[in-house]
Every structure is written in C-alpha cells, then in structure tokens.
Undergrad: 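Please see the structure below; I have some questions.
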Amino acid sequence: MKYLNVVIDNKSDSTDNLFTYGCRFEEAKVGSKVYVPFAKGNRLREGYAVSVTETVDEDMKARLKYVEKVDEDVSLTEEIVRTAAWLKQRYLCRFIDALHLFTPAGKKAVRKERKNPFEDAKGEISRISALTDEQEAALEQITGSIEKGEHDRFLIHGVTGSGKTEVYIRAAAKCLEEGKSVIVLVPEISLTEQIIDRFIGRFGSDTIAVLHSKLSLGERYDQWKRIREGRVKIVIGARSAVFAPLENIGMIVVDEEHESTYKSDHTPKYDTIEVALKRLQDTDNNGVLVLGSATPSVVSYSRAEEGIYKLLKLEERYNKVSLPQVEIVDMRQELKDGNKSIISRKLYDAMMQQLKDGKQVMLFLNRRGYSTFVSCRECGYVAKCPHCGVSLTYHKRGNKATCHYCGYETSAPIKCPACEGKYIRYFGSGTEKVEETITELFAGYTAVRLDLDSVKKKGELQKILGDFKKGKTDILIGTQLIAKGLDFRNVGLVGIISADVSLNIPDFRSPERAFQLITQAAGRAGRGDETGHVIIQTYSPDHYAIKYAADQDYEGFFKEEQLLRRYMGYPPYSDMIQIVFMAEDSDAAENAAKEWHSRIGTMLPEEEKRNLFPPQEAYMSRINDNYRFSLLIKCPKGKRRDYTAILAKVREEDKQKKKKEYTAVVDINPYSFS
C-alpha cells in the first residue's frame, strides 16, 4: 500500500489543495492521472498524483478513501509536476490549472490515432550551404554548452534576414547528437508552417511534432502522445508548446522573443520565457535557452547587458544584401497638399514601379475591419457594444458592426438610433478599407487581405501565404500576422500604412511596440538578391520610436527607452502587477478592489505603500457584461517574491468565502493594461 497526495480536477479555489488517498496500484507514481472518489456521494473525479508517501498517520488511515483507477495513457513526468508547482506559486493560479497546461486536451481528447498531418511533407532544403563568420561564432557558443550539458542562456540579436533559423537548426542537430530533445517556439501559428518546412527538410517528419491551438482535439492528442512516448525529439509550436511533455530537454528556442503573444492572456497568465527557463534549469534537463530577435525586448536586452543572457550578434544579412532603404512620409503634409487617401503619393508611385518590375508588395496596418468606429455627424452618437461599452468596428463585408472583444455583431445602422438622423458615417481605416482602396487603385494586379477575419476557416492562412510565395498574389495586405518572421524573396516594397496605431495604445510599452512592428514589417523587404524599399506613413514623424525604426538603429532606440524606463521605474527596473476584479455588478467589482487594496496595504512596509496605487475602473471597464476594476502594484526590482507572497496570502484568505460575487485575476507584467 502507498499513499498519493492528489490534486483534484475541480475548478474551485476552495478545493485547490492536496487530498490524500490510499493506492493499491503498483504503477501509480508522481504524475499519474488517477480517478478517485471525491466529496459528497463519492462521485469519481479525475486528479493527478503530485507526491507519494509510504506512511500516513493512523488517524488518517481510518478515514482514507482509495484510488479507483490509474489512467496510464495520460501521465506526467516528475519534472512537469515540479514545474506546475512552481507555476502555481509564481503566477498565483490553481494547481490543476497549471497541470492542465501540460495535458493533451483534457476530458474531450479523442483517443483515436490519426495520420500525422506532416508525414508526407517534403520540407524545404536550406539555401544556406556555409555559415557566415557571425553565425559560426554564435553556433559555437551554443553547441559548446550543449556538449557540456550545462544550463546556459543566449540572446541572438540578429538583423532581419541574418540567418537565425539556420543557427537554430544546427544547434538542434547537436542536441539530437547528444541524445537530447528540442522545443522551438514561434509567436504566431502562421509562422509554424514555414519553420516546420525547414526543420523537416533537415530532420524528416518522423522526428518532429507540432503543438498549437489550431489543431483539432484529436490531432492535439495524437501529437501529445507521440511526444510523451518519446517517438519524437523536436517539438515546434506557438507558446503552448513550451509545455510539451518532452524529457531530457537540451534546448528551447524562442524565436521573435520580443513578441507579446509569448505572454498568456488566459489564466494562468504565464510568461513563456520564464517557463522555458524553469524547465531548462531543472536537473532532469540542464538545457540551453536561445532567444532570437531583430528587435529584442528592452527587458531581454537589459538582461544581456547585466550578463544574465550571453549576447550573440548577427549584424549582416546572410546574403550580404543591404538592409532596406526606409523613407518616412508625413501624412499631415499629404492632407495639406489635398491628398485625403490613406495611400500617400510616394507609396502609390513606389508600388506602381515595383509591380511593373515584377516585384511583390506587402502593406501593413495593425487594425482590422473597414472603419474603426461608426458615428452620427449630427448628434455625435457612436455605435458601441452593449456588453463591453467599446466602439464597434464596421465590417463592410456583411455590413456588420462588430465588437472585437466579445464577438457581438449587429447590422450597421442606416440612420442614427439616437436622433434618427441620416448622417451616419464611418471613421478610421482598417485592413478591409485598405484592400478596397488598393483594388481600385491597382486594378490590374491581385491584392489579398490577411487578418483574423479573412482566415477563419482551417487552411485559409496557409493558402494565402502559399499563393503569395508562389507569386500568384501581387499585393499582400495584413495586420501584424504578416509583420514577423515571414520570408518571401520577391518582396521589393513594404508599406506601413499607419505607424501611429501602436503609439496610441495607453501602455508604457507603446513606443517599444511601435519600433518593433515597424522594424519587423520593414524586414520583410529585400530578402532576395536586391535591396528592398520601405515607406512609413505617419502623423508623428518626429517621434523617437519612428525615427529610430526608420534608421534601423536598435541601439539608439534601446538607450533612449532605457533612460525613460529607469526614470519612471518601469520594467526591467520593476515588476508591474495588475489585479483585475470582475463582477456582474459594478459595485461588487469596485468593493472587491477596495478590499484587496486595504488588505495589501496593511502588509506592505510603510516605505513601500507608495507602490500600491488606488483602485480604479479598468481601461476596458466592461467586457462581456462583466464590470471591471483594477489595482496596480509597482514591485521594486528584486522584491517580486515578497510581493507575490503577500498576494498569495490575500488570495488564500479569499478562499474562505463560501460565495464570492467577483473574480480576481492576478497578472504579473501584463502586456496589456486593459
């Protein structure tokens, strides 16, 4: 007889504890999925064993219940259980929510093996026969740590087109030689296809598994099973692939490490890079972390300066072609000169020339829809979501006004619902409007839009990108989906329609995001044998983020941004902690925020109370009929553990409430203060 301490699969704070069961199954161990009687009626519930003991108190033995079944199909490793326990403490989440990150697809998994969707893929043979001196030097440092079996951390700062992926591939080959496994993370599902092709071209499809949210439940389970049984050694995917049940992980690559998509926007609100570090530091792995970006985050680059990461620089494109020529167009002057179009004269002329020369064009605007809001010019009415209170975005296709937060849709008004006036107008421009304008201006050429609205069906995204790669499409218009990582050799021009969109977000990272998006979008040009051309349209041509992006001067931007962050005490010089309180009743959300504020304040040292800011309505004060209030805490550098311990104590006290009218969600270093 042995005794298991089990986490019950139950979505309740009040049962977020360990429960002890007797177990007669010899195969049961740490990480085993078990079925146990729980609560009144002893209904069987799923759970996971997180520790095993040989003895328990005699008093407990008399009251013990017993494990009824062990599910050997879904078991976790001891390293995974340790990481889940760390996630619970680090991000103040429930233990079961942390464990679920590592499981295939929960209760809904369809356990019928399907054909591996990539087994017929031929892959893409690398165009790089020999590495540059810079690539060779970077690879040598990484493989040195892999050979020694030492945990190490590298940041590759490589300009767009410098051959970072080839370094990843060759480092992965060294891991496989050493009998280790590899995880490769990309920020967008759209990029998995491209990197999968390159890895299959080098390693074949039998060695590789893929994990991302667009797989069906059955496909996800199959991929998970192949990984857990050790049939594959390389896992590629978006952020959730960091939880792949691999053993002996020799390297985790985080490509485009600066991307906000690596921060989870669902509970648990984990940071992918932190999770990768935790797994690699575990004694079962002792692996190497490799971060790569042309525009590293300010936090990561600061860590490299401090020596936490080893900085590896790739300052030349692998094909020796110069970085693209960049021009800024002041849209204020365009308006003064009588051009009211969203396309400047300079961009129009450049597009026409490139298209005549047989080159392709990419146009970037990080805003979906046709118009950004619908308003009455007579009374000032603005169409808003009844569930979220935000402006509805007009989509011409289907004549719909849509909420991009909760999905609410309604027919676009013909007359004003407030004053019944006829002067309903559509303001602002999204990708739909750009597509319509471009189709009219360049009637002889094929233009296609790529955003979340145009790729709702499975396979549409790959088809659009595939057609563009084959030259079937002349002009690709899109949101940030097209701004990162994509490698098309015939793109001669990239036009950034409105560089100001990212600057106007109420967030201290806005300049950093604007700089990164512009630089990354610009990096799609000139990846073949000729220098590319980039045109940035903006109403803020003198903003430092735009000027440094146009000059492709990362160091200049970093130094200016670093000074501002240090002065304001923003990350990396602190940790920002946001607690959002949600309730169907506005007063309940507000009162909860005030109560937490009071309780946290009593636990903070007197000199640190200024780091706790008063409760206020969240920037998005209502989403999906839930009212939202927030608390913001600026945690001084080096004190994160102390502050999370205080929050954990408040949260633990909160568990004692039998019925709560609100939900409190803690987010450490959020990428959006919404």
Side-chain angles (χ1 to χ4, degrees), residues 159-161 258 294-295 298 317 321-355 357 359-367 372 428-431 433-434 437-438 441-442 475-480 482-484 491-505 509-527 530-561 564:
V159 298
T160 53
H258 63 277
T295 55
V298 171
R317 286 188 157 185
V321 173
S322 301
L323 288 168
Q325 299 171 349
V326 183
E327 292 183 80
I328 296 175
V329 176
D330 185 346
M331 294 303 284
R332 298 172 303 180
Q333 191 59 48
E334 287 284 311
L335 201 57
K336 286 178 186 176
D337 293 342
N339 179 18
K340 296 180 181 178
S341 170
I342 53 177
I343 304 296
S344 65
R345 292 184 177 93
K346 187 177 283 290
L347 179 55
Y348 174 84
D349 292 341
M351 287 179 67
M352 192 59 78
Q353 187 60 55
Q354 291 286 341
L355 293 167
D357 291 344
K359 293 289 185 181
Q360 291 169 294
V361 173
M362 294 176 77
L363 297 178
F364 169 74
L365 173 62
N366 205 25
R367 186 181 274 154
T372 48
S429 300
T431 45
K433 190 169 185 178
V434 174
T437 302
I438 293 300
L441 291 175
F442 300 91
I475 305 166
L476 183 62
I477 302 155
T479 56
Q480 60 182 356
I482 70 168
K484 51 193 99 163
V491 175
L493 172 69
V494 168
I496 298 167
I497 302 298
S498 177
D500 309 297
V501 172
S502 299
L503 282 176
N504 295 327
I505 298 169
R509 291 190 188 87
S510 294
E512 181 180 15
R513 285 181 182 161
F515 175 85
Q516 288 166 343
L517 276 172
I518 293 167
T519 306
Q520 293 288 338
R524 302 314 108 210
R527 298 178 77 92
E530 297 175 28
T531 302
H533 188 193
V534 179
I535 292 177
I536 302 170
Q537 297 186 168
T538 176
Y539 290 93
S540 310
D542 297 322
H543 194 286
Y544 70 95
I546 291 182
K547 290 171 77 172
Y548 282 123
D551 293 340
Q552 296 164 84
D553 180 1
Y554 177 83
E555 295 285 348
F557 170 78
F558 172 76
K559 285 173 184 171
E560 187 151 345
E561 185 69 10
L564 181 64

Undergrad: Are the side chains of Ile477 and Ile438 in touch, meaning some heavy atoms are under 4.5 Å apart?
TA: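 Yes; the side chains approach each other to less than 4.5 Å.
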Undergrad: Could you work out, with side chain to side chain donor-acceptor pair (under 3.5 Å) as the rule, every residue matching Gln537, not counting sequence neighbours?
TA: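 Side chain to side chain donor-acceptor pair (under 3.5 Å) list for Gln537, sorted by chain: Ser344.
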Undergrad: Nearest heavy-atom pair of Gln516 and Thr295: which atoms, and what distance?
TA: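 Closest approach of Gln516 to Thr295, heavy atoms only: NE2-O, 3.4 Å.
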Undergrad: side-chain contact (heavy atoms from CB on, under 4.5 Å) between Val159 and Tyr554: does it pass, once the steps are laid out?
TA: CA-CA 10 Å; Val159 298; Tyr554 177 83; over 6 Å; no
Undergrad: Give me the atom names and distance for the closest heavy-atom approach of Met352 to Leu441.
TA: CE-O, 4.5 Å
Undergrad: Heavy-atom distance under 4.5 Å between the side chains of Ser498 and Met331, does that happen here?
TA: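 A side-chain contact under 4.5 Å is absent here.
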Undergrad: Looking at every non-hydrogen atom in both residues, tell me the closest pair between Val326 and Ala550 and how far apart they are.
TA: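 Looks like CB-O, 3.4 Å.
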Undergrad: With distance as the sole test, does Glu561 use its side chain to make a donor-acceptor pair with the main-chain N or O of Pro511 at under 3.5 Å?
TA: no
Undergrad: Who are the side chain to side chain contact (heavy atoms under 4.5 Å, CB included) partners of Gln353, not counting sequence neighbours?
TA: Asp357
Undergrad: Would you mind listing every salt bridge (charged side-chain N to carboxylate O under 4.0 Å, His left out) that reaches into residues 540-558, with sequence neighbours excluded?
TA: Lys313-Glu555
Undergrad: Would you indicate whether Gln325, at its atom CD, is surrounded by more than 12 heavy atoms from other residues, nucleotides or ligands within a distance under 6.0 Å?
TA: no
Undergrad: Can you name the nearest heavy-atom pair linking Thr538 to Ala499, along with the distance?
TA: CB-CB, 4.1 Å
Undergrad: Keeping to residues at least two apart or across chains, list the ring pair (Phe, Tyr, Trp, His ring centres under 6.0 Å) pairs with something in residues 322-341.
TA: none
Undergrad: For Asn339, check side chain to side chain contact (heavy atoms under 4.5 Å, CB included) against everything at least two apart and list the hits.
TA: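 Partners of Asn339 by the side chain to side chain contact (heavy atoms under 4.5 Å, CB included) criterion, ordered by chain and then number, come out as Glu334, Ser341, Arg345.
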Undergrad: Could I get the full list of side chain to side chain contact (heavy atoms under 4.5 Å, CB included) partners for Glu560, not counting sequence neighbours?
TA: Tyr544, Tyr548
Undergrad: For Ala549, what residues pass the side chain to side chain contact (heavy atoms under 4.5 Å, CB included) criterion, not counting sequence neighbours?
TA: Phe515, Ile518, Thr519
Undergrad: Under the criterion side-chain contact (heavy atoms from CB on, under 4.5 Å), I'd like the reasoning laid out for Leu363 against Thr431: C-alpha separation, chi angles, the key distance, then a yes or no.
TA: CA-CA 9 Å; Leu363 297 178; Thr431 45; over 6 Å; no
Undergrad: Of all the heavy-atom pairs spanning Leu493 and Ala350, show the shortest one and how long it is.
TA: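 Answer, listing the atom of Leu493 first, then Ala350: CD2-C, 3.7 Å.
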Undergrad: For Lys346, check side chain to side chain donor-acceptor pair (under 3.5 Å) against everything at least two apart and list the hits.
TA: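 Only Glu327 meet the side chain to side chain donor-acceptor pair (under 3.5 Å) criterion with Lys346.
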Undergrad: For Ile475 versus Met351, what's the shortest heavy-atom pair and its separation?
TA: CD1-CE, 4.0 Å
Undergrad: Does the Gln552 side chain pair with the main chain of Pro324, one donor and one acceptor, at a distance under 3.5 Å?
TA: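 Judged by distance alone, yes, a pair lies under 3.5 Å.
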Undergrad: Is any side-chain heavy atom of Lys340 less than 4.5 Å from a side-chain heavy atom of Leu335?
TA: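 They are in contact (side-chain heavy atoms under 4.5 Å apart), so the answer is yes.
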